[in-house]
There are 4 protein chains.
Amino acid sequence: MPRQTFFNLPEDKRKKIIDIALDEFAGRPYSKASLSRIVARAGIAKGSMYQYFEDKKDLFMYLLELAAGEKLAYIEQEVDPGADFFTAFEQSMLAGIRFNLDHPKLSRVIANAMDSTGEEALHDFIVKGRKMTLEYFSQMVRRGQEQGSIRKDIDIKLASYMVSSMLSQGLTEYILDILGGSAVDDLLKKPELAERLNEEQIKGIIDETMKLLRNGLQP
Amino acid sequence: MPRQTFFNLPEDKRKKIIDIALDEFAGRPYSKASLSRIVARAGIAKGSMYQYFEDKKDLFMYLLELAAGEKLAYIEQEVDPGADFFTAFEQSMLAGIRFNLDHPKLSRVIANAMDSTGEEALHDFIVKGRKMTLEYFSQMVRRGQEQGSIRKDIDIKLASYMVSSMLSQGLTEYILDILGGSAVDDLLKKPELAERLNEEQIKGIIDETMKLLRNGLQP
Amino acid sequence: MPRQTFFNLPEDKRKKIIDIALDEFAGRPYSKASLSRIVARAGIAKGSMYQYFEDKKDLFMYLLELAAGEKLAYIEQEVDPGADFFTAFEQSMLAGIRFNLDHPKLSRVIANAMDSTGEEALHDFIVKGRKMTLEYFSQMVRRGQEQGSIRKDIDIKLASYMVSSMLSQGLTEYILDILGGSAVDDLLKKPELAERLNEEQIKGIIDETMKLLRNGLQP
Amino acid sequence: MPRQTFFNLPEDKRKKIIDIALDEFAGRPYSKASLSRIVARAGIAKGSMYQYFEDKKDLFMYLLELAAGEKLAYIEQEVDPGADFFTAFEQSMLAGIRFNLDHPKLSRVIANAMDSTGEEALHDFIVKGRKMTLEYFSQMVRRGQEQGSIRKDIDIKLASYMVSSMLSQGLTEYILDILGGSAVDDLLKKPELAERLNEEQIKGIIDETMKLLRNGLQP
DNA sequence: GATGAATGAGATTTCATTCAT
DNA sequence: AATGAATGAAATCTCATTCAT
């Protein structure tokens, strides 16, 4: 957690720091991100950074919570909690895709974190994050079963892990592929890629995915 | 590619180096892995390492190819290429799971690499790896359609990305979850976890997954 | 350019660093000079050096500019810009000789740099330096022609290169020779050599050189 | 001095080693030249190099003597020892220029050595080389005086140092300048530069220089 | 005579963090 | 609250040289 000093900062300074730090952590793995580079770009003293945040990890976790919070808000705003499973899921997907395209930096920070297995310092935090994600999907699936839109004989946990990975990894890479990018962070370097994806295409992707999800692969 | 020097080494020395290096790269992101630590543990001179490998990247890529090669061999040995899609997929899954449990280190090195987006030095290599994986699944799906076991109206590419992510991420995390581990590399630290998973359980997981894959979620 | 940090240093510390660094760069070619040695002798942390200078090259170029600046100042102070060519040249020579004897370290750093052809990193800088030196002599010669003290049929550029090399190399080595030294940097190791050269001798050398320059070798 | 083993080598192998080593030492200062690079390019074992030469210095000095010998032979062949000073000097110049243009590698090795003041290991050798050069010019000048083509009141040593520096430095840089190169080793990288200099131009340069030498700058 | 693996010192550089001002 | 200098461990990599085979 940032220290109080950070929140006492004039808003534009605070925003600037956040923005530059996001930039840094979005573009490389946690261990390669550099505080030195951040303070240099932000034009603040290195010592100041340590008045604002305990250490590198503290900063990163703050950014991560920020990003996760924004993403959650974005999704919650688009998803009708009362809707049946498939509708809600569709809405989640759409919101997720839009968020990633609109906020590539936030989205990359989250993804970077989730990939940071083996980063001792982040271990617990990542575990917690995964648990929350899983919980989100578990609830959806459970409700789907209760409402009768999902078969009763489905293992909730397994299904949750599966749909979660489909959204966070499979879908992301698929979109990147059809956009012509190669690695996941190409969106950061070539923001114009995102504009190639129009509403219709997004709708097409979602429909295809829903079809898979509903009926599986078998004829 | 390692230099000839490396291959001229007595086998036990070569094995030892590989083993220790795998250990290093399995447990942390590429940028945090340390050649210094490796040579210290291996009891060889720093200069020697550079007689064997061009540089850090060269070493990592060698290990990665080694791991990928072993995994591929393992899977190919278990999968009947003539079988229909769902059978072949089942066999792939089983082989994949077994490989991960039997060779957690190799499996972690592969996973680490695939997560190393943003690692400039590895970019091209990772992209290539992803392409190959996708190709593998694409062919399976395509053949499945031709043989009539998969619906004709399914987008091959999308489906491939989805099943790929399910296997590489969703399934892995699910298994780890039921094993009681928390993060993906816990298997490295507590190898005894792997033994908790018996044949029956594995069969159960596979059956559940196949059900999802065949019929989707809908009743 | 050194970072601001360096200029904020207490003067004696700054001087000490400069002095030790000059020592290091005066005595060996650029590529053999060692930052590690400098910090060890200066009793500062290696990291500190990188707070002061961007890198080795930055440090060297700073020292070089320092030395060149001091030499230029020294010479300008002794040379009457309005004087006719031969007077001005005589004054230049005298100032140059005195500078080299009084500041052997600075003088060696400059000479080392000018010899550092093939030092990729310094290439552009050296070229620039040579251009400036040439320009200095070209102007002198050109003015000499305009004032009628130099023959009109003389190729300015060629003459400039020639007098430049005579001063920077021929004269230096001659003086060293009569002082009993052997290589150009012997003055650094045996500073007492310099004292052997008295005013009269210097005057003699200059007169001889001027004679050559004015009338050439022919009777 | 190379060991006997080196001279026992088949000629083409010996030539190849020499050629590649010349390449290495021509392009960078002694301390940056690398034996590792040489053996790699020559395709021989590192140990073999140490069967042929005592160490790096031994190799370099051999190359240097080789280059110096060739240059001397080249010059002696073109210079009539009985001719009067100015004729002999003219011939020397012409031969020197031609040698440098025809054998840029050899010429660069020599120049690199002469610039390697401060290179502890080479100190004595360089001193010796300079002495020999000086001796060469001293004799010329002395003979010139005896023959009456040079004024009697000229200091032989000073004049020798001056003409020596004019030829080895001033002239070289002048030629490079009009060829469009910037640093002395540009001739190595762009050999086509040399071809721009035709016979007539060379003659022009020599005439100009002789004029300076004979009559000095004064009208 | 040839080989080439082994060595280890040493080079430059980066980094997160501390702390006196 | 802000500063920014100081630190030193650690990283990657290069090199000349040795020596057993």
Side-chain angles (χ1 to χ4, degrees), chain A residues 3-6 8-9 13 31-40 44-59 121, chain B residues 3-6 8-10 13 31-40 43-59 121, chain C residues 3-6 8-10 13 31-40 43-59 121, chain D residues 3-6 8-9 13 31-40 44-59 121:
Chain A
R3 302 175 196 275
Q4 186 53 42
T5 43
F6 182 61
N8 295 344
L9 244 38
K13 189 170 179 180
S31 43
K32 246 194 164 174
S34 149
L35 283 194
S36 302
R37 214 151 30 206
I38 292 174
V39 297
I44 62 174
K46 224 183 244 182
S48 300
M49 209 64 180
Y50 281 83
Q51 304 259 23
Y52 308 148
F53 301 92
E54 260 181 56
D55 51 20
K56 186 182 177 180
K57 182 182 156 197
D58 188 32
L59 166 60
Chain B
R3 301 178 198 272
Q4 186 54 42
T5 323
F6 181 63
N8 295 343
L9 244 41
K13 188 169 182 181
S31 43
K32 242 193 167 177
S34 151
L35 284 192
S36 298
R37 211 152 29 206
I38 293 174
V39 297
I44 61 177
K46 222 176 279 195
S48 299
M49 208 63 182
Y50 283 86
Q51 302 258 33
Y52 307 147
F53 300 93
E54 262 182 55
D55 52 20
K56 186 182 177 180
K57 185 181 156 199
D58 188 33
L59 166 60
Chain C
R3 302 177 197 274
Q4 187 54 43
T5 323
F6 181 64
N8 296 344
L9 244 40
K13 188 169 181 179
S31 43
K32 240 191 167 177
S34 150
L35 284 192
S36 299
R37 210 150 34 204
I38 293 174
V39 297
I44 61 175
K46 223 174 278 196
S48 298
M49 208 63 182
Y50 283 85
Q51 301 259 29
Y52 307 148
F53 301 93
E54 262 180 56
D55 51 20
K56 185 182 177 180
K57 184 181 156 197
D58 189 34
L59 167 59
Chain D
R3 302 177 197 273
Q4 186 54 42
T5 42
F6 182 61
N8 296 343
L9 245 38
K13 189 168 180 183
S31 44
K32 246 196 165 175
S34 149
L35 283 194
S36 302
R37 215 152 27 207
I38 292 173
V39 296
I44 62 175
K46 223 181 244 179
S48 299
M49 211 63 180
Y50 282 84
Q51 304 260 22
Y52 308 148
F53 300 94
E54 260 181 57
D55 51 20
K56 186 182 178 181
K57 182 183 158 199
D58 188 33
L59 166 60

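In what follows, chains carry the letters A, B, and so on, assigned in the order in which the sequence lines appear, proteins first and then strands, with residues in each chain numbered from 1.
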Identify all pairs in which a protein N or O lies below 3.5 Å from an N or O of nucleotides 14-18 of chain F, and state each distance.
from: F:dA16; atom 1: OP1; to: D:A33; atom 2: O; distance (Å): 3.1
from: F:dA16; atom 1: OP1; to: D:L35; atom 2: N; distance (Å): 3.3
from: F:dA16; atom 1: OP1; to: D:K56; atom 2: NZ; distance (Å): 3.3
from: F:dA16; atom 1: OP2; to: D:L35; atom 2: N; distance (Å): 2.9
from: F:dA16; atom 1: OP2; to: D:S36; atom 2: N; distance (Å): 3.3
from: F:dT17; atom 1: OP2; to: D:Y50; atom 2: OH; distance (Å): 2.9
from: F:dT17; atom 1: OP2; to: D:K56; atom 2: N; distance (Å): 3.1
from: F:dT17; atom 1: O5'; to: D:Y50; atom 2: OH; distance (Å): 3.4

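- What separates CD1 of A:I44 from P of F:dG4 is a distance of 11 Å, to the nearest Å.
- Atom CZ in C:F53 sits roughly 13 Å away from atom P in E:dT13 (whole-Å rounding).
- Whole-Å rounding puts the D:M49 CE to E:dG1 P distance at 16 Å.
- E:dC15 is paired with F:dG8 under the Watson-Crick or G-U wobble criterion, all donor-acceptor distances under 3.5 Å.
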Step-by-step side chain to side chain contact (heavy atoms under 4.5 Å, CB included) determination, C:R3 to C:F6: CA-CA 6 Å; C:R3 302 177 197 274; C:F6 181 64; 5.6 Å; no

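- Rounded to a whole Å, the CD1 atom of A:I38 is 15 Å from the C1' atom of E:dT14.
- The main-chain N or O of A:L35 is never found under 3.5 Å from a side-chain atom of A:K46 such that the two would form a donor-acceptor pair.
- For F:dA20, the paired base is E:dT3 (Watson-Crick or G-U wobble, both distances below 3.5 Å).
- Pairing for E:dA9 is with F:dT14, a Watson-Crick or G-U wobble pair whose two hydrogen-bonding atom distances lie under 3.5 Å.
- For F:dG4, the OP1/OP2 oxygens have no side-chain nitrogen or oxygen of C:N8 closer than 4.0 Å.
- The number of heavy-atom neighbours closer than 6.0 Å to NZ of A:K57, taken from other residues, nucleotides and ligands shown, is 12 or below.
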